[in-house]
Structure formats: structure tokens, C-alpha cells
Amino acid sequence: MREREAARVDGGAAMLDLGASHDFGDDDLAAVAEVLRSGHVGMGPRTAAFERAFARRHGVAHAVTCSSGTAAMHVCIGALDPEPGSEIIVTPWTSGGSIIGALLHNCVPVFADVDDTYTLDPADVEARITPRTRAIMAVHLFGNPCDVDALRAIADRHGLALIEDCAQAHFAASRGRVVGSLGDLAGFSFGGKHLSAGGGGAVLTNDQRLWERAVLFRDAALPRANGPLEGRPYANYFLAPNYKINDLTAAVLRTQLGKVDGYVANKIRAAEAVIDGLADMDELTPQRVRPGDRHTYWVLGFTLDTGTLGCSAAAFAAAAVRKGVPLGGPYIGSGDAGPLYRNPFLAGPHCYGTSRYPFDAGRGAPLDYTQVECPRGEDIMGRGVSLQMTPNMSGAVIEAVVAAIRQTAAEFLAQRRGFA
Ligand SMILES: Cc1ncc(COP(=O)(O)O)c(C=O)c1O
């Protein structure tokens, strides 16, 4: 079936089928049925069991599930309990979900530049620290670990928290240590990532005090049984949302946790095969992985030599799509929207009414995102194309992807030579 679809790409008619992103089977169905039959679908024993298993897989003391990756990143901030106007240093090339929680918590994202790993440049992070800085958020973009050791050292030197955003990087590893176990707190998304139940998220921490605050923060700071405030009179003890998941989601996450190693291994195998197939092409450079790190390829990214190709990354991606390869253009956003600091929610007054809050909290003039620049990232990421990986890419599909990308590049090069 896949071979047939791969062959049809040559005719330009069909989009290549990269295969299912997850293998949901009878075991998942049985787990959900068991929860439904129990009559207790809310957050309960299956959630607790998944939290224990997820924490154990990371060698971390505590896991706190929540309703999405965006919620997880908010729980990380809520656990830190920062003052309004506190600054969080983060990459501008990430999902808005990395920072939405920080904004809802009246914090101010401060953007630092990235390098050819598409992750934070530690030197630029350190240069952007101010007396207001509270945390560094290390986003392991596409599944590629940040330079965690360097960021940890900077955080320790300046008394800052290190938060990992592992939404895209399940079971990636920095020098042999699984991501999510390396920061003070780490957030995960289960919405279509390696481990998925169609939604959900989790926070990991080894810190007892942060765990207590995280548990309360995802559940309206209520005094639940077995929780940090057990036995207190019923009340909301501080301002916090309801970000709980339920046992239906947790049951699927538990069965999927048994399959995720296979997904990750297959994505790595497929990504390395595509990279190998394009290795002789100087016009495409894959996202750099630091020596000793394990990239788990939620997405496979390349930076194009757009000068030699004579086209923009968006035009290259569009041409590959016409050949049936679902290549994406520059991340995040494209054209004028570009990096997060160009997105309307930061560049315009679109947080709290017409105010510039929280960007003016505790400072004379509000931080003006239209003035922010991360030149290296704008160059590298502006020339980026990416392929969403699946664990079910056959050898024929991988070959078809490589052939279509090579053909796309060849056509742009020929066109350019024709005009030269
Ligand atoms: C790096 C990163 N952080 C946070 C999020 C937010 O996760 P969710 O979509 O589950 O809210 C995403 C989502 O894609 C993400 O890629």
C-alpha cells in the first residue's frame, strides 16, 4: 500500500503517506473500556499509576499530570510562584505554548538567540540576564536537547530556576541523561507528540517543595486527599486553574508508555536514513546534534542554503509539497509573523485589554518586542524546512522522501543556472 503511494508521488498527484503517528490497538481499547466500566472516569488511580510510571521512566521523584503541554509549562511557572514582571529567558523559536502560561502568570518572556542546534545559545542567555530574571526555559526543539550543562551552570551562577520544555523531546538525552530529569522542573505535552493520548501534559521535578506547589497549582489549590493540604478546611488556597486530566486519558498514556520506545527508535532510524540520503547535498544542512546527545526527531529539520538554491525556504517547502512530501516552511510562523516576538500577542497590545501589562510591570517603559532581535536564529530558522516524523515510515517511503527533496533541490538549482 505504502509502496504504491510512494510510486504515485512521481506523478505529482498524491501526498505521500508517512504512516500513522501512533499505533493504537486492542490494549488501548481495553484500558479505556476498563475505566468506563469502573464508572470512575475522573482523575483517580490510573492517573496516579501513570504519574508513578512516567516519573520512574525518567528517574525523577515526582510527576504531576495536567491537561496539555501549555498547562504543563504554566504549572512549572506556577510552582515557582514568581513576582509579576519576572523575566523568563526562552527561545523565540518554539510553540506559543512554551510561554502562554508565563504570560498568564504576569511574567515577561525575554528572548535569547539560538545556534545551529536550533536551541538556546548559552552565552546569549547569560547576556540577557537582569535583576528581574527568574528562570531559564530550555526548549529541546524538534527533539534535540539543549546544552543543558551550560544552561544549568548559568542558572546556578545567577540563582535562577532551570525549566525544561520537553514537549517535543520525549526520551531525548543530553550526554546520556534523559531530558526532563535535568532541570528544576520539566514540562511535557501529550498532544500528538511521541507519547500521546490526543491531549494532556505532565510536569516532572525532584524538588519536594516545587512538587507540592505544582500538585496544588494544577487543581485550583484545593485541599485534596493525599495532597499537600490534606485535612485543611475546603478552600482555594491560592490563585490556580483547574488543569487536571482524567483516568481515560491516563489509561491510554499508560498503555502508550509501553510502546513509546518503539516509536522513538523508529523515528530516529527514519530521520537518520533521510539525513544519510541527503548527506552529499551541501544545500541542505540538518539541525546539528551535540556529540553524545540523543535527538528523538519529533520533527526533522534542515537549514537551506537559499542563496545557492535561489529560493526561499517557504518556496522550497511548497515545491516539495507539490511532489507529495509534506515539508513545512520556517518555524514558527512564516513571513512577517516569524519568531514569537513578531507574533501579534507580543508585538501588539493583545495580552490584557489595551494595556501593555505585564511588559510594563515594575519598569518605567514596557518591553517593546518590535525592537527585539535574535539575528543568528532569524538567519538559520528563516531558512528552515521541516518534516513531521512518524514511527511508521517504510523504507520505500523514506526513499521517496529523499528522492523528492533531491529533485526539488535539483530543479531550483537548474532554474538558477538557467537565469545565471
Ligand atoms: C515546545 C512546545 N511547548 C509547549 C507546547 C504546548 O503543548 P500543547 O499543545 O499540548 O498545549 C508545544 C506544543 O506543540 C510545544 O511544541
Side-chain angles (χ1 to χ4, degrees), residues 21-22 50 54 63-79 88-105 107 109 111-112 114 117-120 135-146 148 151 162-172 174 179-180 182-183 185-204 217-218 241-246 249-250 252-253 256 260 267 287 295-301 328 330-333 339-341 343 345-346 377 381 384 386-390:
S21 62
H22 298 83
F50 171 70
F54 196 64
V64 181
T65 51
C66 50
S67 51
S68 68
T70 304
M73 300 322 295
H74 193 182
V75 170
C76 291
I77 301 287
I88 313 290
I89 300 181
V90 64
T91 168
W93 285 278
T94 181
S95 158
S98 296
I99 60 165
I100 286 168
L103 290 164
L104 291 171
H105 223 93
C107 290
F111 294 106
V114 300
T117 65
Y118 307 175
T119 66
L120 284 174
I136 299 168
M137 185 179 285
V139 182
H140 306 304
L141 198 78
F142 296 170
N144 195 26
C146 293
V148 183
L151 295 175
L162 179 63
I163 302 171
E164 292 179 80
D165 182 338
C166 305
Q168 304 182 0
H170 301 191
F171 300 104
S174 172
V179 302
L182 306 171
L185 292 146
F188 289 78
S189 163
F190 302 136
K193 307 303 192 305
H194 303 75
L195 178 61
S196 173
V203 169
L204 294 178
F217 191 80
R218 67 102 186 255
N242 172 1
Y243 282 159
K244 297 195 298 296
I245 61 166
N246 55 58
T249 302
V252 175
L253 288 172
Q256 287 292 309
V260 73
K267 287 188 191 192
Q287 179 182 20
H295 189 322
T296 52
Y297 295 105
W298 181 60
V299 159
L300 171 59
Y331 184 85
I332 188 104
L340 284 180
Y341 49 78
N343 280 214
F345 78 138
L346 295 176
M381 303 304 285
S386 56
L387 184 68
Q388 179 85 55
M389 300 305 288
T390 84

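Just so you know, these numbers come straight off a predicted model, no measurement behind them. Whatever order the structure lists ligands and atoms in, that order sets their numbers, starting from 1.
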Student: Which residue supplies the protein heavy atom nearest to atom 16 (O) of ligand 1, what is that atom called, and how far is it?
Tutor: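 Of the protein heavy atoms, Q168 NE2, 2.8 Å lies nearest.
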Student: Would you say H295 and Q287 are linked by a side-chain donor-acceptor pair, where the criterion is simply a distance under 3.5 Å?
Tutor: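 Yes - a donor-acceptor pair under 3.5 Å links their side chains.
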Student: Please name the pair of heavy atoms, one in F345 and one in I100, separated by the smallest distance, quoted to 0.1 Å.
Tutor: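 Reported closest heavy-atom pair: CE1-CG1, 4.3 Å.
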Student: Quick one: look at S98 and ligand 1, take heavy-atom pairs under 4.0 Å, and tell me if it's side chain, backbone, both or neither.
Tutor: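 It is both parts that get close, each with some atom under 4.0 Å.
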Student: Closest non-hydrogen protein atom to atom 11 (O) of ligand 1, residue and atom name please, with distance?
Tutor: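 Result: T70 OG1, 2.6 Å.
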Student: Knowing that exactly one of P92, S95, S98 qualifies, which makes a side chain to side chain contact (heavy atoms under 4.5 Å, CB included) with V139?
Tutor: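 Among P92, S95, S98, the one that satisfies the side chain to side chain contact (heavy atoms under 4.5 Å, CB included) with V139 is S98.
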Student: Atoms of ligand 1 less than 4.0 Å from V139 heavy atoms?
Tutor: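 So the answer, numbered in order with elements, is 1 (C).
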Student: Measure up the F54 and F188 rings against each other and bin them: parallel (under 30°), tilted (30 to 60°), perpendicular (over 60°).
Tutor: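 F54 and F188: perpendicular rings.
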Student: For atom 8 (P) of ligand 1, what is the nearest protein heavy atom, given as residue, atom name and distance?
Tutor: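 The answer is G69 N, 3.4 Å.
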Student: Could you see which bit of L141 sits under 4.0 Å from ligand 1, with heavy atoms only: side chain, backbone, both or neither?
Tutor: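 It is neither part, as no heavy atom is under 4.0 Å.
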Student: Looking only at heavy atoms, which two atoms of P109 and L103 are closest? And how far apart?
Tutor: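 Reported closest heavy-atom pair: CD-CD2, 3.6 Å.
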Student: Could you see which bit of D165 sits under 4.0 Å from ligand 1, with heavy atoms only: side chain, backbone, both or neither?
Tutor: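 The answer is the side chain.
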Student: For a 4.5 angstrom cut-off between non-hydrogen side-chain atoms, does Y331 reach F142?
Tutor: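 Yes, close enough: below the 4.5 Å cut-off.
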Student: Minimum heavy-atom separation for G199 and T249, please, with both atom names.
Tutor: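 Taking every non-hydrogen atom into account, O-CG2, 3.8 Å.
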Student: So which protein heavy atom does atom 15 (C) of ligand 1 come closest to, and at what separation?
Tutor: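 Going by distance alone, atom 15 (C) of ligand 1 is nearest to S95 CB, 3.3 Å.
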Student: For residues L182 and L162, determine if any side-chain heavy atom of one lies less than 4.5 Å from a side-chain heavy atom of the other.
Tutor: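 No, side chains not in contact.
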Student: Can you report which non-hydrogen protein atom sits closest to atom 13 (C) of ligand 1, along with the distance?
Tutor: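 So the nearest neighbour among protein heavy atoms is K193 NZ, 3.2 Å.
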Student: Give the atom numbers and elements of ligand 1 that come within less than 4.0 Å of a heavy atom of T94.
Tutor: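 Reading through ligand 1 atom by atom, the close ones are 1 (C).
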Student: I need the atoms of ligand 1 closer than 4.0 Å to a non-hydrogen atom of S189, numbered in the order shown.
Tutor: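 Close to S189: 7 (O), 8 (P), 10 (O).
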